[in-house]
*Asks:* 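Just dropping this structure here.
Predicted model only: the values in this text are computed from it and were never measured.
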Protein chains: 2
Amino acid sequence: MATRTRRAERREEPLSRERIVEAAIGILDTAGEGGLTFRVLAERLATGPGAIYWHVSGKDELLGAATEGVVAGIVLGGACASATPQEAIRALGLRLFDAIDAHPWIGNQLSRSPGQSPMLRVFEHLGRQVRALGVPRAAQFTAASALLNYILGVAGQNAANAHGQESERNRTEFLDTVSAAWANLDPDEYAFTRDAAEQLRDHDDRVEFLAGIDLILAGIAASASD
Amino acid sequence: MATRTRRAERREEPLSRERIVEAAIGILDTAGEGGLTFRVLAERLATGPGAIYWHVSGKDELLGAATEGVVAGIVLGGACASATPQEAIRALGLRLFDAIDAHPWIGNQLSRSPGQSPMLRVFEHLGRQVRALGVPRAAQFTAASALLNYILGVAGQNAANAHGQESERNRTEFLDTVSAAWANLDPDEYAFTRDAAEQLRDHDDRVEFLAGIDLILAGIAASASD
DNA sequence: ACATCTCTGGAACGGGGTTCCAGTGTGGGG
DNA sequence: CCCCACACTGGAACCCCGTTCCAGAGATGT
């Protein structure tokens with residue numbers, strides 16, 4: 001009996017791939033991409049680095065599994081068949097956007113794994129909606145790719161921007177700084193950017209992101225009617 | 001006189017920020033992102049790591065300068081005023097695409113520096129053409145951002161894909177492999193992706209990239225006419 | 001009881017960015 | 001003419017990283 005109990009509790013909770021990935025996500029969320037270290041991870045799990053390698057082949061796989069874990073839930077999240085394809089695409093985009101906002105490290109990670117599972121899920125979902133839009137078969141790949149690439153681009157930018165700021169305060173402060181810098185650029189060389197400085201200060205990332213999606217959707221619709 | 005000569009030739013060519021960045025670009029192009037090391041760089045310049053730090057503050061600045069060095073020439077490259085705005089945007093996109101194809105490390109680097117100079121140049125150029133398209137002022141920021149984010153997305157993907165392959169052979173081989181993997185996906189869960197496998201195998205990245213640009217341009221035109 | 005197998009965790013290795021510092025030659029001031 | 005301050009060099013060292021190694025603990029099958 002003592003044996004039985006011990007067996008389940010050789011450690012309070014035995015190490016497992018699941019627990020490791022979970023802890024890794026926690027560290028990534030609080031300490032960022034650079035904060036995830038096998039030593040930090042080992043300390044949080046009250047073990048040594050070597051033990052982790054019994055369950056996980058290396059850091060790449062760990063990051064992949066963490067990304068997978070977060071993205072999987074997001075794509076599956078909204079399967080309401082009642083919406084129009086446009087609405088479904090916008091909804092998926094927003095869920096991804098919010099997820100990247102909450103876990104900025106995903107932004108860089110998504111781009112890193114080309115044919116990997118998380119991106120494939122997104123691609124599949126986008127493709128289905130594109131098909132539902134009535135896009136001719138030959139153009140479906142192009143349309144879905146364009147949407148995916150746009151989303152990945154925004155994801156990367158968000159990840160890059162999230163380096164210094166967590167709070168809402170820091171964010172507006174950051175925007176003010178960049179906006180001011182833009183406004184002071186050379187009037188000849190950067191005429192447009194200077195002019196866009198005020199729009200930068202007042203913009204809402206989410207709204208802007210959706211507007212980009214809508215632009216591509218409008219383009220798909222326009223191309224289809226040719 | 002001997003002094004004069006010596007002074008200019010204390011080393012055959014004295015160390016300088018310029019020479020360092022140039023060497024870094026060379027290493028990045030041949031050995032990839034992971035191949036650039038202060039020790040390798042020092043060896044190529046026939047010096048020690050410490051000397052490099054006298055001219056450059058750290059690796060981030062070095063990567064930034066390298067990116068700047070490559071991108072600056074590209075944006076300035078095509079200032080033919082005769083073209084339509086659409087053609088100018090497509091031309092800039094293509095120049096960027098080809099540059100990223102030649103220096104894949106740029107793809108990851110561009111996203112990393114948000115308000116930095118290289119990206120600003122691209123943004124400015126895009127913005128001017130958007131303005132020339134007659135897009136209303138309030139929508140110019142959105143349109144230029146959408147184009148930029150799409151380009152950055154493609155850039156990141158290209159950088160990620162370039163990891164294993166240099167030659168043309170490897171590329172088609174790679175596409176065949178991924179295409180085959182897609183074709184073997186679960187028919188229920190990945191219906192669209194399975195179907196897109198053949199379009200993936202036959203596609204041309206450049207053409208596909210341009211098609212995405214055109215989609216966004218069409219969307220901009222459609223939105224403007226509302 | 002023993003041998004075996006899964007799983008652990010600490011030590012150690014190679015290599016990265018960065019810092020330190022003793023030295024070098026050069027140009028300017030006594 | 002000398003000598004000193006100074007820009008610049010480059011090798012050694014520091015600390016942290018991912019990863020590997022291994023001695024061993026606990027459970028299991030015979």
*Asks:* Using atom CD of A:Glu43 as one end and atom P of D:dC17 as the other, report the distance to the nearest whole Å.
*Replies:*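 So the two atoms are 11 Å apart, to the nearest Å.
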*Asks:* From C:dT8, D:dT20, C:dT19, pick the nucleotide closest to the side chain of A:His55?
*Replies:*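 Between C:dT8, D:dT20, C:dT19, the one nearest the side chain of A:His55 would be C:dT8.
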*Asks:* Using atom CD1 of A:Ile52 as one end and atom P of C:dT8 as the other, report the distance to the nearest whole Å.
*Replies:*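 Going from CD1 in A:Ile52 over to P in C:dT8 covers 10 Å.
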*Asks:* Rounded to whole Å, how long is the line connecting atom CG of A:Leu41 with atom P of D:dC17?
*Replies:* 12 Å
*Asks:* What pairs with A:Phe123 under ring pair (Phe, Tyr, Trp, His ring centres under 6.0 Å), at least two apart in sequence or on another chain?
*Replies:*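 If we apply the ring pair (Phe, Tyr, Trp, His ring centres under 6.0 Å) test to A:Phe123, skipping adjacent residues, the hits are B:Trp182, B:Phe192.
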*Asks:* Given D:dT9, is OP1 or OP2 found less than 4.0 Å from the side-chain N or O atoms of B:Thr47?
*Replies:*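 No, because none of the side-chain N or O atoms of B:Thr47 sits under 4.0 Å from OP1 or OP2 of D:dT9.
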*Asks:* Less than 4.5 Å apart, any side-chain heavy atom of B:Thr193 and any of B:Leu200?
*Replies:* no
*Asks:* Residues two or more places apart in sequence or in another chain: which of them pass ring pair (Phe, Tyr, Trp, His ring centres under 6.0 Å) with A:Phe209?
*Replies:* A:Phe97, A:Tyr150
*Asks:* Please work out whether the ring planes of A:His203 and B:Phe141 are parallel, tilted or perpendicular, with thresholds of 30° and 60°.
*Replies:*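 If you compare the ring of A:His203 with that of B:Phe141, the planes turn out tilted.
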*Asks:* Can you give me the closest heavy-atom contact between B:Gln109 and B:Thr67, atom names plus distance?
*Replies:*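 Looking at all heavy atoms of both residues, the closest pair is CG-OG1, 2.8 Å.
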*Asks:* With a 3.5 Å distance limit and no angle check, can you tell me whether A:Ser179 reaches the backbone of A:Ala197 through a side-chain donor-acceptor pair?
*Replies:* yes
*Asks:* Hey, which of these two, A:Ser57 or B:Gly50, hits DNA chain D nearer its 5' end, going by closest nucleotide?
*Replies:*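 Nearest nucleotide further toward 5': that of B:Gly50.
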*Asks:* Using whole Å, what does the distance between atom P of nucleotide D:dA7 and atom CZ of B:Arg17 come to?
*Replies:* 19 Å
*Asks:* Partners of A:Arg128 by salt bridge (Lys or Arg N to Asp or Glu O under 4.0 Å), sequence neighbours excluded?
*Replies:* A:Glu124
*Asks:* So which protein N/O to nucleotides 13-16 of chain C N/O distances come out below 3.5 Å?
*Replies:*
| unit_1 | atom_1 | unit_2 | atom_2 | d |
| --- | --- | --- | --- | --- |
| C:dG16 | N7 | B:Arg39 | NH2 | 2.9 |

*Asks:* Measure CZ/A:Arg44 against C1'/C:dG9 and give the value in whole Å, please.
*Replies:*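 Result: 19 Å.
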*Asks:* Within less than 4.0 Å of OP1 or OP2 of D:dT9, is there a side-chain N or O belonging to B:Trp54?
*Replies:* no
*Asks:* Between atom CD in B:Glu61 and atom P in C:dG17, what is the gap in whole Å?
*Replies:*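 Those two atoms, CD and P, are 15 Å apart.
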*Asks:* Taking only residues at least two apart or on different chains, which pairs with a member in residues 23-39 of chain A satisfy side chain to side chain donor-acceptor pair (under 3.5 Å)?
*Replies:*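 The answer is A:Asp29-A:His103, A:Asp29-A:Trp105, A:Glu33-A:Asn108.
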*Asks:* Taking five pairs at each end of the helix from C:dA1-D:dT30 to C:dG30-D:dC1, what angle separates the two helix axes (nearest 10°)?
*Replies:*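 End-to-end axis angle for the helix from C:dA1-D:dT30 to C:dG30-D:dC1: 30°, rounded to 10°.
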*Asks:* Rounding to an integer number of Å, can you tell me how far A:Glu33 CD sits from D:dC17 C1'?
*Replies:* 15 Å
*Asks:* Side chain of B:Tyr53 only, please: which of D:dT9, D:dT20, C:dT18 is the nearest?
*Replies:*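 Minimum distance to the B:Tyr53 side chain belongs to C:dT18.
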*Asks:* Using a strict threshold of under 4.0 Å (side-chain N to carboxylate O), is an ion pair present between A:Arg206 and A:Asp101?
*Replies:* no
*Asks:* Nearest-Å distance, CD1 (A:Ile20) to P (C:dC7)?
*Replies:*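 After rounding, the reported distance stands at 11 Å.
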